[in-house]
A.B. asks: 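Take this structure first; my questions come after.
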Amino acid sequence: MRSLILNIYKIFLFPHVIIYKGSKNKDLIDKDIERWASAKGMTGGKVSLLLNFLANSPDFRTLFYFRNRGMVSSLLNLYCKKEKYFRIDISTKLGGGVLTGHPYSTILNAEEIGENLYVNHLVTVGEVDGKRPTIGNNVSIYTGAIIIGDIKIGNNCSIGAGSVVVKDVPDNCVVVGNPARIIKQDGKKV
């Protein structure tokens, strides 16, 4: 019965497919779809996966609407709601392949975030005195982490749960703590 209801619901999601097909950010959405499918062990065509993620994940819908801002997306949000406690600032440059792990009360307000971001809940990426962070590719940010100010997080970094990052972090690092400190760099303990 649940499967039947879900399939009927997907019919109402068809306008999303039209937006996806004509989106100027289709390549970024494709990367999001591929990352989600890989993480969930799912296979199938892009449209089928898109409909599945739209039907089952308000987090994914938030990303989709962010990538397709405009009147139509706002109207679609009326019946196919995004996660209201997951916010992405409109001016953030966000790379493809974003994966979320229940991003409840998460705010992404950065100058730029690279590809393949993983973000968990209660994360704040934000500004200090109008200056915002720049985050590299393949970065994972775990529960309750705070990254603020005019700083750079390098590629291939992990920001530990509860960390408060207010200084630059070079590539290939794991940081933890408040204030955050590097505990591993280039695979070696520091």
A.B. asks: Give me the ring orientation class for Phe12 and Tyr79: parallel if the planes are under 30° apart, tilted from 30 to 60°, perpendicular past 60°.
C.D. replies: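 Perpendicular: the ring planes of Phe12 and Tyr79 meet at over 60°.
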A.B. asks: Would you indicate whether the side-chain heavy atoms of Val125 and Ile148 approach each other to under 4.5 Å?
C.D. replies: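 No, every pair of side-chain atoms sits at 4.5 Å or beyond.
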A.B. asks: Parallel, tilted or perpendicular: which fits the ring planes of Phe60 and Trp36, with parallel below 30° and perpendicular above 60°?
C.D. replies: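 Taking Trp36 first and then Phe60, their aromatic rings stand perpendicular (interplane angle over 60°).
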A.B. asks: Do you know the tightest heavy-atom contact between Ala37 and Leu49?
C.D. replies: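 Reported closest heavy-atom pair: CB-CD1, 3.9 Å.
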A.B. asks: Taking the six-membered ring for Trp, is the centroid-to-centroid distance between Tyr118 and Tyr142 below 6.0 Å?
C.D. replies: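 Ring centroids of Tyr118 and Tyr142 are less than 6.0 Å from each other.
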A.B. asks: Without swapping roles, check the side chain of Asp32 against the backbone of Gly96 for a donor-acceptor pair under 3.5 Å.
C.D. replies: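 Looks like no, no N/O pair under 3.5 Å.
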A.B. asks: Can you give me the closest heavy-atom contact between Ala39 and Leu99, atom names plus distance?
C.D. replies: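 In terms of heavy atoms, the two residues are closest at CB-CD2, 3.6 Å.
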A.B. asks: Taking atom types as modelled and ignoring hydrogens, do the side chains of Tyr20 and Asn25 form a donor-acceptor contact shorter than 3.5 angstrom?
C.D. replies: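 Looking only at side-chain atoms, Asn25 and Tyr20 do not form any donor-acceptor pair under 3.5 Å.
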A.B. asks: Would you name the heavy atoms of Ile147 and Ile135 that are closest together and state the gap between them?
C.D. replies: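 That would be CD1-CD1, 4.4 Å.
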A.B. asks: Same cluster or not: Leu63 versus Leu75, using hydrophobic residues (I, L, V, M, F, W, Y) connected whenever any side-chain heavy atoms lie under 4.5 Å apart?
C.D. replies: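 They do not share one cluster, since no chain of ILVMFWY contacts under 4.5 Å joins Leu63 to Leu75.
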A.B. asks: Quick one: do the Asn172 and Asp186 side chains pair a donor with an acceptor below 3.5 Å?
C.D. replies: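 Yes, because at least one side-chain N or O of Asn172 sits under 3.5 Å from a partner of the opposite role on Asp186.
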A.B. asks: Nearest 0.5 Å, please: how far is CZ in Arg67 from CG in Leu28?
C.D. replies: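 Here the interatomic distance stands at 4.5 Å.
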A.B. asks: As an exercise, state the distance from CD1 of Ile159 to CD1 of Ile146, rounded to the nearest 0.5 Å.
C.D. replies: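 Reported value, rounded in 0.5 Å steps: 12.5 Å.
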A.B. asks: Would you find a donor on one side and an acceptor on the other, under 3.5 Å apart, between the side chain of Asn52 and the backbone of Ser48?
C.D. replies: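 No, the answer is negative, given that no donor and acceptor are paired below the 3.5 Å cut-off.
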A.B. asks: Could you state the interatomic distance from OG1 (Thr134) to NZ (Lys93), rounded to the nearest 0.5 Å?
C.D. replies: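 Nearest 0.5 Å value for the OG1-NZ distance: 8.5 Å.
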A.B. asks: Spell out, yes or no, whether Val72 and Ile29 are grouped together once hydrophobic residues are joined by side-chain heavy atoms under 4.5 Å, including indirect joins.
C.D. replies: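 Shared cluster, yes.
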A.B. asks: Check the pair Val190, Ile183 against side chain to side chain contact (heavy atoms under 4.5 Å, CB included), reporting the backbone distance first and the verdict last.
C.D. replies: CA-CA 5 Å; Val190 176; Ile183 62 166; 5.9 Å; no
A.B. asks: Main chain of Gly70, side chain of Ser74: is a donor-acceptor contact present, judged purely on distance under 3.5 Å?
C.D. replies: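 Looks like yes, one N/O pair under 3.5 Å.
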A.B. asks: Is any side-chain N of the basic residue among Lys46 and Glu34 closer than 4.0 Å to the acidic one's carboxylate O?
C.D. replies: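 Looking at Glu34 together with Lys46, the answer is yes, because their closest N to O distance falls below 4.0 Å.
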A.B. asks: Donor-acceptor pairs are to be reported for all side-chain atoms of residues 161-170 against protein atoms at under 3.5 Å, with residues two or more places apart or in another chain.
C.D. replies:
unit_1: Ser163; atom_1: OG; unit_2: Gly160; atom_2: O; d: 2.8
unit_1: Ser163; atom_1: OG; unit_2: Gly177; atom_2: N; d: 3.3
unit_1: Asp168; atom_1: OD1; unit_2: Lys152; atom_2: N; d: 2.8

A.B. asks: Mind running side chain to side chain contact (heavy atoms under 4.5 Å, CB included) on Val17 and Leu51 for me, showing each step along the way?
C.D. replies: CA-CA 8 Å; Val17 174; Leu51 289 172; 3.7 Å; yes
A.B. asks: Provide the closest heavy-atom pair for Asp59 versus Pro103 in the form atom of the first, atom of the second, distance.
C.D. replies: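 Scanning both residues, the minimum pair turns out to be OD2-CD, 2.9 Å.
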A.B. asks: Verify the cluster assignment for Val47 and Tyr65: are they in a single hydrophobic cluster under the rule of side-chain heavy atoms below 4.5 Å apart?
C.D. replies: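 Yes, one cluster joins them.
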A.B. asks: Got a donor-acceptor contact below 3.5 angstrom from the Thr106 side chain to the Phe86 backbone?
C.D. replies: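 No.
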A.B. asks: With a 4.5 Å limit on heavy-atom distance, are the side chains of Ile107 and Val123 in contact?
C.D. replies: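 Side chain of Ile107 against side chain of Val123, heavy atoms only: no contact under 4.5 Å found.
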A.B. asks: How many angstroms lie between NE2 in His16 and OG in Ser23, if you round to the nearest 0.5 Å?
C.D. replies: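 His16 NE2 to Ser23 OG: 12.0 Å, rounded to 0.5 Å.
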A.B. asks: State plainly whether one hydrophobic cluster holds both Ile151 and Ile113, where clusters connect Ile, Leu, Val, Met, Phe, Trp and Tyr through side-chain heavy atoms under 4.5 angstrom apart.
C.D. replies: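 Yes, it is one cluster - the side chains of Ile151 and Ile113 are joined through contacts under 4.5 Å.
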A.B. asks: Does a side-chain heavy-atom distance below 4.5 Å link Asn116 with Arg35?
C.D. replies: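 They are in side-chain contact.
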A.B. asks: Hey, any chance Val98 and Ile19 share a hydrophobic cluster, counting ILVMFWY side chains that come within less than 4.5 Å of each other, even indirectly?
C.D. replies: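 Yes; tracing contacts between hydrophobic side chains, which count when under 4.5 Å, links both residues.
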A.B. asks: Determine the minimum heavy-atom distance between Arg132 and Glu111, stating which atoms define it.
C.D. replies: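 Looking at all heavy atoms of both residues, the shortest contact is NE-OE2, 3.1 Å.
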A.B. asks: Hey, are Lys31 and Asp27 close enough for a salt bridge, meaning a charged N less than 4.0 Å from a carboxylate O?
C.D. replies: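 Between Asp27 and Lys31 there is no salt bridge, as every charged N stays at least 4.0 Å from the carboxylate O atoms.
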A.B. asks: Can you tell me if Asn68 and Ser73 form a side-chain donor-acceptor pair at under 3.5 Å?
C.D. replies: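 Absent: no donor and acceptor within the cut-off.
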A.B. asks: Quick one: pull up CG in Asn137 and CD in Glu115 and give me the separation to the nearest 0.5 Å.
C.D. replies: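 It comes to 5.5 Å.
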A.B. asks: Tell me, please, whether Phe66 has Arg69 positioned over its six-membered ring: NZ or CZ under 6.0 Å from the ring centre and within 45 degrees of its axis?
C.D. replies: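 Yes, Arg69 sits over the ring of Phe66.
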A.B. asks: With respect to Arg61, which candidate in Leu13, Leu54, Leu76 satisfies the side chain to side chain contact (heavy atoms under 4.5 Å, CB included) definition?
C.D. replies: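 Of Leu13, Leu54, Leu76, side chain to side chain contact (heavy atoms under 4.5 Å, CB included) with Arg61 is met by Leu54 alone.
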A.B. asks: Take a 6.0 Å sphere around NZ of Lys26 and say whether it holds more than 12 heavy atoms from other residues, nucleotides or ligands.
C.D. replies: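 Enclosed.
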A.B. asks: Check whether any side-chain N or O of Asp89 sits under 3.5 Å from a backbone N or O of Ser91 as a donor-acceptor pair, and report yes or no.
C.D. replies: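 Answer holds: yes.
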A.B. asks: Minimum heavy-atom separation for Asn109 and Thr92, please, with both atom names.
C.D. replies: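 The answer is CA-OG1, 3.7 Å.
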A.B. asks: Please tell me whether Asn138 and Asn156 have a donor and an acceptor in their side chains that are separated by less than 3.5 angstrom.
C.D. replies: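 Yes, because at least one side-chain N or O of Asn138 sits under 3.5 Å from a partner of the opposite role on Asn156.
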A.B. asks: Drop me the distance from Phe64's CZ to Cys80's SG, to the nearest 0.5 angstrom.
C.D. replies: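 If we round to the nearest 0.5 Å, Phe64:CZ and Cys80:SG are 9.0 Å apart.
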A.B. asks: More than 12 foreign heavy atoms under 6.0 Å from CD1 of Ile90: is that the case here?
C.D. replies: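 12 or below, so no.
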